[in-house]
Amino acid sequence: MALHVLDEANRCLGCKKPMCQEGCPIHTNIPEVIRLLKANQMDAAGRMLFENNPLTTVCSLVCNHEKQCEGHCIRNRMPSHDPVHFSIIEDYISTTYANKMTAGPAPKNGMKAAVVGSGPAGLTIAVLLARWGYDVTIFDARDKIGGVMRYGIPNYRLPDSVLDDFQYRHLELKGIKVRPNTTIGKTITIDDLFRDGYKSVFIGAGLWKANAMHIKGESLGNVAFGIDYLANSKAFRLGDDVAVIGVGNSAMDCARTAIRNGARHVTCYARRDESCISASEYEVSYAKLEGVGFRFCKAPVEIRENGLICRDTVKGEDGKFTQVEGSETLYPHTGVIVSVSQGSESNLVKTTTGIETNQKGLLSVSEDGRTTREGVFAGGDAVMGARTVVEAVAVAKKVAVAMDEYMKSLPADTAADPYADIPVFQTPTSDVLAKQQL
């Protein structure tokens, strides 16, 4: 693998105006990383990657590279149309260097910050604030960290071991606390967090509420919503002929996961034509390679135990697609996965005063992530809707700076501890216990 990585590195032209860096949402200094690697300075290259992007081991695997760094590579303009595959280089450097990251937590500055949600935005915020000396606690509704990265991206694309390693090296070794199985907005509210001394709160809760199509049959036993299916696909029994409604990246993940779970036939349905595919070209090509079929211009109108009823759609001169009455057709399937979109849960907002949302239920924030309540910040899917991991990291880096500035601007906490002088119970030593037993 190392030879292959060096082969890719040697293909880099070292452009004075690196388009690859411009195409990266977090502007990774790709030419410099490659230069350091070629100069046998692996550790320096690794440090550069992690300092710019705490989730570099994740992004090297799941980024939409063909539309970002690799898609902007100047070599695409050459006759060979063969860009430098930086994803391979980043994966090798970040994975190798991660094993050397053992440094402990930074000196504490005496202030606590809370992070709600351990998705890409929440983890980025937590790591950056911990680097700057804040005492950080992450609250997550699930039992393991990662959010959509763990429960929304299949293991064959992003192994759980990558996130487990991240938790050990970036959270545990850095003194960041994680409180799992804790939903903020139920038993514990944001008001409770401020009461307990957190100076600011970041809301990075993901979009875990599946959006329904509101057609007949969505409650049947052979139906699953995409976000639920990806979270635990083994729990569903959808048979060997599965329909997937949707053609986005999540739909491709559902389709490819269904095949890995034993489905012999999987077909994706779209209301519009092939131009409406929002999934990356790579994901679509892999899906087709693995046997996933596609039916376009089909509008689902009803789900049944034995399949999916669709109407044909046609494209008008205005570019809009309309359904053709009387064109209903039953397409036989043993199970159906609805993967059209996700929305946000509202418990947190309902139990917190002063936080406003927009018409889609997403949190309203300023450019630097400040919500309408002082001290509360937000980012990631809770603000932007479903986006990529690297986009969440890019936003989180800006919000972390704003949180740091806000907490530094707060007056010093001079309130006296009412229990500062109470006696501390002394646990009996083993010899004292032995005498008591005599």
Side-chain angles (χ1 to χ4, degrees), residues 62 64 67 148-149 151-154 156-158 206-220 222-233 236 238-239 241-261 263 265-304 307-313 315 320-323 329-344 360 381 384-389:
V62 303
N64 191 349
K67 289 186 178 180
V148 69
M149 295 182 293
Y151 297 102
I153 299 178
Y156 64 84
R157 286 184 58 205
L158 179 60
L207 304 179
W208 295 107
K209 180 182 178 182
N211 286 338
M213 298 182 67
H214 303 294
I215 62 175
K216 185 177 180 181
E218 280 186 295
S219 66
L220 297 179
N222 64 328
V223 180
F225 289 110
I227 190 67
D228 302 327
Y229 182 75
L230 291 174
N232 187 5
S233 63
F236 293 89
L238 301 181
D241 191 341
V242 177
V244 178
I245 302 175
V247 286
N249 280 321
S250 292
M252 296 305 106
D253 287 340
C254 289
R256 297 177 65 193
T257 299
I259 288 177
R260 284 160 175 76
N261 286 341
H265 305 285
V266 178
T267 307
C268 290
Y269 288 79
R271 292 175 177 269
R272 295 177 289 168
D273 57 22
E274 196 165 356
S275 65
C276 76
I277 295 178
S278 58
S280 72
E281 293 179 11
Y282 282 176
E283 289 304 309
V284 174
S285 63
Y286 276 123
K288 290 179 177 178
L289 190 65
E290 294 171 10
V292 176
F294 291 81
R295 287 195 174 111
F296 297 99
C297 298
K298 306 296 179 185
V301 294
E302 183 178 337
I303 301 173
R304 293 189 174 182
L308 181 65
I309 296 178
C310 295
R311 286 196 191 107
D312 293 340
T313 64
K315 186 176 183 179
K320 296 181 179 180
F321 286 78
T322 57
Q323 298 182 19
T329 302
L330 173 64
Y331 297 91
H333 293 284
T334 56
V336 177
I337 301 173
V338 180
S339 182
V340 289
S341 63
Q342 293 93 245
S344 60
K360 295 182 180 180
D381 290 357
M384 302 183 296
R387 297 292 183 89
T388 63
V389 172

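Please read these numbers as outputs of a predicted model, since none were measured by experiment. Computed from heavy atoms alone, side chains included, the values below leave out hydrogens, waters and symmetry copies. Index from 1, following the sequence.
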What closest approach, in Å, do [X] and [Y] show between heavy atoms, and which atom pair accounts for it?
X    : Y    : answer
R271 : A299 : NH1-CB, 3.8 Å
R387 : D381 : N-OD1, 3.3 Å
A263 : V242 : CB-CG2, 4.0 Å
L330 : P332 : O-CD, 3.5 Å
R304 : I309 : NE-CD1, 3.4 Å

Could you work out, with side-chain contact (heavy atoms from CB on, under 4.5 Å) as the rule, every residue matching D228, not counting sequence neighbours? F225, F236
Under a 3.5 Å distance rule, please check whether [X] uses its side chain to pair with a backbone N or O of [Y] as donor and acceptor.
X    : Y    : value
T313 : R272 : no
N211 : V340 : no
T267 : A243 : no
E218 : M213 : yes
T329 : C310 : no

Find out whether [X] and [Y] are in side-chain contact, i.e. whether some heavy atom of one side chain is under 4.5 Å from a heavy atom of the other.
X    : Y    : answer
C254 : L230 : yes
L238 : T334 : no
V292 : C268 : yes
S339 : M252 : no
I277 : V284 : yes
M149 : L158 : yes

For N222, enumerate each residue passing the side-chain hydrogen bond (donor to acceptor under 3.5 Å, both in side chains) test, keeping only those at least two apart in sequence or located in another chain.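 side-chain hydrogen bond (donor to acceptor under 3.5 Å, both in side chains) list for N222, sorted by chain: empty.
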Tell me every residue that passes salt bridge (charged side-chain N to carboxylate O under 4.0 Å, His left out) with D312, counting only those two or more places apart in sequence or in another chain.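 D312 satisfies salt bridge (charged side-chain N to carboxylate O under 4.0 Å, His left out) with K298 only.
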Derivation and outcome, side chain to side chain contact (heavy atoms under 4.5 Å, CB included), residues V336 and I245: CA-CA 8 Å; V336 177; I245 302 175; 3.9 Å; yes
Starting from the C-alpha separation in whole Å, work towards a yes-or-no answer on side chain to side chain contact (heavy atoms under 4.5 Å, CB included) for I303 and K216. CA-CA 6 Å; I303 301 173; K216 185 177 180 181; over 6 Å; no
Kindly determine whether Y282 and N64 satisfy side chain to side chain contact (heavy atoms under 4.5 Å, CB included), including the steps that lead there. CA-CA 8 Å; Y282 282 176; N64 191 349; over 6 Å; no
Passes side chain to side chain contact (heavy atoms under 4.5 Å, CB included), K288 versus F294? Steps please. CA-CA 9 Å; K288 290 179 177 178; F294 291 81; 3.6 Å; yes
Starting at SG of C297, measure out to CZ of R311 and round the result to the nearest 0.5 Å. 15.0 Å
Quick check for you: to the nearest 0.5 Å, what is the distance between S280 atom OG and N249 atom CG? 5.0 Å
Tell me, with the steps shown, if R256 and E283 meet salt bridge (charged side-chain N to carboxylate O under 4.0 Å, His left out). CA-CA 9 Å; R256 297 177 65 193; E283 289 304 309; 2.9 Å; yes
Verify salt bridge (charged side-chain N to carboxylate O under 4.0 Å, His left out) between R157 and D253, making sure each step is shown before the conclusion. CA-CA 9 Å; R157 286 184 58 205; D253 287 340; 3.0 Å; yes
Decide if atom CD of E290 counts as having more than 12 heavy atoms of other residues, nucleotides or ligands within a radius under 6.0 Å.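 Yes, enclosed.
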Does the side chain of S233 come under 3.5 Å of the side chain of N261 through a donor N or O and an acceptor N or O? yes
If you apply the rule ring pair (Phe, Tyr, Trp, His ring centres under 6.0 Å), what do you find for F296 with Y269, and how did you get there? CA-CA 6 Å; F296 297 99; Y269 288 79; 9.8 Å; no
